[in-house]
Amino acid sequence: MNTPEQKTVPSNFIRQIIDRDLATERYGGRVHTRFPPEPNGYLHIGHAKSICLNFGIARDYPGGRCNLRFDDTNPHKENEEFVRSIEADVRWLGFQWHDRPYFASDYFEQLYGFAMELVDKGLAYVCELSAEEIRGYRGTLTEPGRDSPYRNRPIAENRDLFQRMRAGEFPDGSKVLRAKIDMASPNINLRDPTLYRIRHGVIHHQTGAEWCIYPMYDFTHPLSDALESITHSICTLEFEDHRPFYDWVIEHCSVPSVPRQYEFARLNLQYTVVSKRKLTQLVEEGHVVGWDDPRMPTLAGLRRRGFTPAAIREFCDRIGVSKADNSVEMGVLESCIREDLDRTAPRAMAVLHPLKVVIEEYPEEQVEELAVANHPKASDLGSRIIPFCRELYIDRSDFEEIPPKGYKRLIPGGEVRLRNAYVITCQRVIKNEQGEIIELRCSYDPATLGANPEGRKVKGVIHWVSARHAINADVRLYDRLFRHPNPDGDRSVNSFLEHLNPDSLRVLSHCMVEPSLAHAQPGDRFQFEREGYFVVDLKESTPQRMVFNRSVTLRDSWGR
RNA sequence: UGGGGACUCGUCUAAUGGUAGGACAACGGACUCUGACUCCGUAUGUAGAGGUUCGAAUCCUCUGUCCCCAGCCA
């Protein structure tokens with residue numbers, strides 16, 4: 001087994017900023033990040049990039065910390081199931097958060113206090129414009145907005161109204177609290193952004209029915225960061241425009257620390273979508289069978305697909321972190337899981353499209369028990385017994401009556417090595433009335449078990465199972481979920497759903513796997529030799545009916 | 001046509017005024033009882049035009065292209 005030498009995590013522009021801050025003692029040597037998911041869906045591979053960045057920094061810097069903080073300010077879309085799945089996925093990925101899970105909702109009382117502070121400073125006001133009116137007053141990208149008629153209310157009146165908003169005196173949508181900044185700002189986020197809205201009758205998963213007003217993200221986030229003494233608040237590029245408001249909040253509220261926001265480019269992965277909204281749509285409309293469908297780029301889906309946490313971490317290291325829009329090829333992810341599983345997965349033989357082979361002169365009653373290594377390089381993975389007898393199955397694609405040029409497998413009258421067993425020669429092809437090949441009659445060379453035949457080279461090696469001993473199992477072959485490299489970026493089409501790949505799942509139910517697999521447990525990973533890496537399905541495999549999911553094919557330089 | 005960002009091999013990403021490097025992909029070869037793994041080798045890039053400099057991916061000017069922003073979502 002090749003020992004993985006100490007890998008250094010590649011640096012990036014954010015780590016360089018931290019290095020500088022450390023050198024200048026900006027935060028007294030502290031490095032404290034946070035990962036702030038909204039619990040309104042499952043984590044996906046894009047979140048993994050953020051997790052590896054934030055938790056990775058905490059892991060690599062002396063005294064570094066990273067909080068897991070749920071950004072739970074919109075109870076309408078959030079729930080406890082999502083909270084639990086997010087915690088489980090972060091742990092599964094191999095990271096530990098500092099202290100305990102945090103919730104923005106823990107700070108609702110303090111947030112209310114900060115809002116009142118802004119009111120008292122004349123920097124926030126209660127606005128009674130409707131949502132549509134606010135939009136109208138906001139202006140456009142190229143025209144300045146106009147002041148709300150409620151903008152210059154006396155402070156005492158704002159105080160009173162905001163208190164009564166909290167007390168539940170006003171219906172949803174009737175009033176909001178807004179920051180008083182600049183309706184003519186070229187940055188739309190500074191045109192008196194909303195701080196609080198009224199939401200009656202929703203049960204918040206953490207705070208229950210305690211509140212009927214909820215703070216907005218832009219107000220909540222900088223304050224939560226400050227309250228947790230976060231030093232580097234790392235988010236994605238679309239929040240770059242919000243940073244002036246982030247800094248405004250920090251400047252005008254009496255916060256205990258001064259965090260800074262930095263932005264990096266979110267991950268785009270080809271042939272899939274990495275947007276919670278679209279993933280939610282795939283689940284809710286039934287285009288996949290749940291958040292953990294093995295075709296989904298969610299961590300739960302990748303886990304069921306057989307991906308390892310190490311492979312996903314390696315992927316995040318390889319793609320790096322920058323501010324440039326990117327579109328990462330699937331090949332990078334595939335390479336990571338192949339590299340990990342090649343090293344760690346025991347080998348087994350499984351025939352996906354069985355074709356019967358009878359070794360004619362092999363004794364009818366004889367069964368040989370062949371001892372076979374579980375891994376060609378990692379001897380610590382041990383060995384197993386494989387039964388060999390007169391009737392076998394090989395894969396249909398490993399026999400061709402009219403072989404293409406360069407074909408190395410079995411052909412009429414030709415020889416091939418049965419992996420870990422004998423060299424056989426195809427003597428006869430048996431067909432049914434439709435002319436389909438249903439069986440091969442072969443001879444074998446008894447001198448070729450563990451030895452090469454004399455005087456000739458057998459180039460082809462194919463896998464097989466004993467027809468008498470093999471287990472019938474389901475195998476699920478997964479392919480890319482979309483046929484277009486950038487399904488949600490194609491404007492020539494009405495919906496990204498039009499690019500869905502109808503062949504993203506193929507279920508094979510006649511597969512024959514070697515008997516040693518009978519005791520494999522859900523989540524166990526194998527390389528089915530010459531086919532790919534497979535995992536026993538976590539949810540639907542039973543001892544009576546085993547289900548294997550293909551994680552990824554083997555690299556194939558021949559192209560079947 | 002407001003504001004904020006970004007442009008380096010096919011893709012991702014380094015180089016922070018001093019030899020444009022790595023990874024994935026591709027291609028060629030070696031090895032092989034997995035057409036895998038491994039090993040060796042090859043090709044491919046600084047968006048464009050000017051300028052500063054002994055020297056520019058890097059600094060300056062202009063141009064172009066792409067992304068984001070007008071939620072009481074995050």
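Letters A, B, ... mirror the listed sequences (proteins, then strands); counts begin at 1.
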- prompt: Considering residues at least two apart in sequence or located in another chain, which fulfil the side chain to side chain donor-acceptor pair (under 3.5 Å) criterion with Arg243(A)?
  reply: Glu263(A)

query: Think Arg146(A) forms a cation-pi with Tyr137(A), using NZ or CZ under 6.0 Å from the six-ring centre and within 45 degrees of its axis?
result: yes

task: Using atom CG of Asn486(A) as one end and atom C1' of U11(B) as the other, report the distance to the nearest whole Å.
output: 14 Å

- prompt: Where each pair must be Watson-Crick or G-U wobble with both distances under 3.5 Å, what dot-bracket representation of RNA chain B is obtained, with crossing pairs in [ ] and other-strand partners as |?
  reply: .((((((..((((....[..)))).(((((.......)))))....(((((..]....))))))))))).....

task: Output yes when at least one side-chain N/O atom of Gln270(A) is less than 4.0 Å from OP1 or OP2 of C24(B), else no.
output: no

- prompt: Among the nucleotides U38(B), A14(B), G35(B), which one has an atom lying closest to any side-chain atom of Asn12(A)?
  reply: A14(B)

message: Taking salt bridge (Lys or Arg N to Asp or Glu O under 4.0 Å) as the definition, give me every residue that meets it alongside Asp490(A), ordered by chain and number, with sequence neighbours left out.
response: none

- request: For His242(A), enumerate each residue passing the ring-ring contact (aromatic ring centres under 6.0 Å, His included) test, keeping only those at least two apart in sequence or located in another chain.
  value: Phe239(A)

statement: Testing A36(B), A14(B), C12(B) for proximity to the side chain of Leu554(A), the answer is A36(B)

- line: To the nearest angstrom, the CG-P distance between Asn268(A) and U13(B) comes to 10 Å

message: Among residues at least two apart in sequence or on other chains, which ones pass salt bridge (Lys or Arg N to Asp or Glu O under 4.0 Å) with Lys459(A)?
response: none

message: Base contacts versus sugar-phosphate-only contacts with protein, heavy atoms under 4.0 Å: please encode nucleotides 25-32 of chain B as B, S and - from 5' to 3'.
response: SS------

message: Should the side chain of Arg318(A) and the base of U13(B) be counted as holding a donor-acceptor pair, with the cut-off at 3.5 Å?
response: no

- request: Take atom CG of Leu190(A) and atom C1' of G2(B), then tell me their distance rounded to the nearest Å.
  value: 14 Å

- prompt: Under 4.0 Å between a side-chain N/O of Arg530(A) and OP1 or OP2 of G35(B), yes or no?
  reply: yes

query: Hey, does the side chain of Ser322(A) come within less than 4.0 Å of A6(B)'s phosphate (OP1/OP2), counting only N and O?
result: no

- prompt: Going 5' to 3' along nucleotides 68-74 of chain B, which nucleotides have protein heavy atoms under 4.0 Å from the base (write B), which only from the sugar-phosphate (write S), and which from neither (write -)?
  reply: BBBSBSB

message: My understanding is that only residues two or more places apart in sequence, or in another chain, count here; which of them pass salt bridge (Lys or Arg N to Asp or Glu O under 4.0 Å) with Asp72(A)?
response: none

task: Name all pairs fulfilling the ring pair (Phe, Tyr, Trp, His ring centres under 6.0 Å) condition that reach into residues 184-203 of chain A, sequence neighbours left out, sorted by first residue then second.
output: Phe162(A)-Tyr196(A), Tyr196(A)-Phe219(A)

message: Side chains of Tyr217(A) and Asn74(A) only: does a donor on one sit below 3.5 Å from an acceptor on the other?
response: no

- prompt: For Tyr271(A), which residues count as a ring-ring contact (aromatic ring centres under 6.0 Å, His included) partner, sequence neighbours excluded?
  reply: none

field: Value in whole Å for how far the P atom of U11(B) lies from CE of Met330(A)
entry: 17 Å

message: Of the options G35(B), G5(B), C12(B), whose atoms approach the side-chain atoms of Asp325(A) most closely?
response: G5(B)

- request: Look at the side chain of Glu529(A) and decide which nucleotide, out of C12(B), C37(B), U34(B), has an atom nearest to it.
  value: U34(B)

task: Would you please name every residue forming a salt bridge (Lys or Arg N to Asp or Glu O under 4.0 Å) with Asp247(A), sequence neighbours left out?
output: none

query: Is there a donor N/O on one and an acceptor N/O on the other, under 3.5 Å, for the side chain of Glu531(A) and the base of U34(B)?
result: no

task: Examine Arg34(A) relative to Tyr102(A) and say whether NZ or CZ is less than 6.0 Å from the centre of the six-membered ring and inside a 45° cone about the ring axis.
output: no

- prompt: Which residues satisfy the ring-ring contact (aromatic ring centres under 6.0 Å, His included) test with Phe315(A), sequence neighbours excluded?
  reply: none

